[in-house]
Amino acid sequence: MPRLSEVIAALESLWPAERAESWDAVGTVVGDPDQEVTRVLFAVDPVQEIVDEAVKLGADLLVTHHPLYLRGTTTVAATHFKGRVVHTLIKNDIALHVAHTNADTADPGVSDALAGALDLRITGPLVPDPTDPEGRRGLGRVCALDHPLTVREFAARAAERLPATAQGIRVAGDPEAVLRTVAVSGGSGDSLFDQVRAAGVDAFLTADLRHHPVSEARAHSPLALLDAAHWATEWPWCELAASQLDEISDRHGWDLRVHVSKTVTDPWTAHAASAHPSPATTLPTSASRPPSSSDPLGAPN
């Protein structure tokens, strides 16, 4: 049975803290290095709902993609929601470890998992890490489709393959344009339009696209843009990361029980379609189909 320090060392070998952006807050937030670890839970967000799930599961370690304290704090009092998270973790002997931008640029990392969920063939990073001599690490991924698809068809694939959210998939561009190459970046990606255009791809799938950057990007080129929910583009990484820790556990004989939370922590909970949409611009999305009671990732519409 490994100690927390041993498990953290293994996680740091996958996502070294020194590869995180200078503004980021990664690493261990809560936890005694000498405590034993038998069960680990992976999730995107370190919110109370996820921490309560870790308690119910009997987890000793919670690993999240998003930081709990990105900008620092002067208090962990339980009168604040983040303070309540810290209190719940400590009271239940649960450690919290964060892998954020160091997981975004890892090989494999967040965008590899996103590309895998969409059945795309990765040809290289969108923004290569100059410190990687093999040219595999970096932000985002440039990908090829297994066969040409229209924008409409690719949007439908994304809506089907990514976890269901109230937003679904939004599209900017001609729905009937044919795609052969796609760039993807998990999380917020509208700061990457210059690199996407330089890559010469037909489409870019990411999250948190804003009006003015999208309008300007569309004026620059016929690049199709697909906007998914932030949480949905990063959740596939949890499954990838869990499988990586499973492999390490098997190699060391740790017999860890590794789990992935299927709790939807996307903050958007409902979607109302505009009245009388034009048939030419209506696309099938995960928000347009009712959630299935058998689908743990189904979200209310």
Side-chain angles (χ1 to χ4, degrees), residues 1-22 24-46 50-51 53-70 85-86 88-90 92-117 122 125 129 131-134 136-139 141 186-187 234-263:
M1 190 178 300
R3 297 186 184 278
L4 175 63
S5 58
E6 296 174 281
V7 179
I8 295 302
L11 298 181
E12 289 282 357
S13 72
L14 298 174
W15 319 297
E18 60 268 21
R19 291 184 187 154
E21 295 290 336
S22 58
D24 205 359
V26 302
T28 305
V29 181
V30 170
D32 179 350
D34 291 328
Q35 74 182 75
E36 294 182 334
V37 176
T38 60
R39 196 181 296 269
V40 183
L41 178 65
F42 282 85
V44 174
D45 296 302
I50 295 298
V51 173
E53 181 180 346
V55 172
K56 185 176 181 180
L57 183 68
D60 309 292
L61 170 61
L62 171 63
V63 181
T64 65
H65 182 52
H66 289 152
L68 177 62
Y69 289 107
L70 186 57
V85 165
V86 172
T88 304
L89 290 168
I90 292 175
N92 291 278
D93 293 323
I94 301 172
L96 171 63
H97 187 81
V98 174
H100 192 211
T101 53
N102 49 334
D104 286 333
T105 58
D107 171 38
V110 171
S111 292
D112 295 280
L114 175 58
I122 296 169
D129 181 346
T131 68
D132 178 17
E134 297 183 6
R136 296 176 59 89
R137 292 198 309 268
L139 191 62
R141 294 295 182 265
E234 293 180 332
W235 184 85
W237 172 79
C238 295
E239 290 195 322
L240 169 64
S243 69
Q244 290 177 285
L245 182 57
D246 262 331
E247 190 277 328
I248 292 172
S249 173
D250 290 344
R251 187 172 358 121
H252 290 287
W254 287 345
D255 196 28
L256 289 177
R257 286 161 286 181
V258 182
H259 306 262
V260 174
S261 173
K262 292 180 170 60
T263 301

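In this chain, numbering begins with 1 at the start of the sequence shown.
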Relative to the ring of F42, is the ring of W15 parallel (under 30°), tilted (30 to 60°) or perpendicular (over 60°)?
perpendicular

Can you find a heavy atom in the side chain of [X] that is under 4.5 Å from one in the side chain of [Y]?
X: W254; Y: V37; value: no
X: L245; Y: L11; value: yes
X: D24; Y: P67; value: yes

Would you say [X]'s side chain and [Y]'s backbone share a donor-acceptor pair under 3.5 angstrom?
X: D132; Y: R137; result: yes
X: D104; Y: L139; result: no
X: E12; Y: A17; result: yes
X: Q35; Y: D93; result: yes
X: S249; Y: L256; result: yes
X: H65; Y: V98; result: no
X: D107; Y: R136; result: no
X: E234; Y: V44; result: no

For the [atom1] atom of [X] and the [atom2] atom of [Y], what is their distance to the nearest 0.5 Å?
X: E18; Y: N102; atom1: CD; atom2: CG; result: 8.5 Å
X: E36; Y: D60; atom1: CD; atom2: CG; result: 8.5 Å
X: I122; Y: R141; atom1: CD1; atom2: CZ; result: 6.0 Å
X: H97; Y: L68; atom1: NE2; atom2: CG; result: 13.5 Å

How close do [X] and [Y] get, counting heavy atoms only, and between which atoms?
X: V26; Y: A20; result: CG2-CB, 3.8 Å
X: P108; Y: L240; result: CB-CD2, 4.0 Å
X: L62; Y: A43; result: CD1-CB, 4.4 Å
X: L114; Y: G186; result: CD2-N, 3.7 Å
X: L96; Y: L61; result: N-CD1, 4.4 Å
X: I50; Y: L41; result: O-CD2, 4.1 Å

Take atom [atom1] of [X] as the centre, draw a 6.0 Å sphere, and report whether it contains more than 12 heavy atoms from other residues, nucleotides or ligands.
X: D255; atom1: CG; value: no
X: E134; atom1: CD; value: no
X: R39; atom1: CZ; value: yes

Would you mind listing every salt bridge (Lys or Arg N to Asp or Glu O under 4.0 Å) that reaches into residues 244-253, with sequence neighbours excluded?
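As it turns out, the salt bridge (Lys or Arg N to Asp or Glu O under 4.0 Å) pairs with a partner in residues 244-253, which skip direct neighbours, are E247-R251.
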
Given the rule in the side chain to side chain donor-acceptor pair (under 3.5 Å) test, do H252 and E6 qualify, once you have shown the distances and angles that lead to the verdict?
CA-CA 10 Å; H252 290 287; E6 296 174 281; over 6 Å; no

Verify side-chain contact (heavy atoms from CB on, under 4.5 Å) between V29 and L89, making sure each step is shown before the conclusion.
CA-CA 10 Å; V29 181; L89 290 168; over 6 Å; no

D129/T105 under side chain to side chain donor-acceptor pair (under 3.5 Å): CA gap, chis, key distance, verdict:
CA-CA 8 Å; D129 181 346; T105 58; 5.2 Å; no

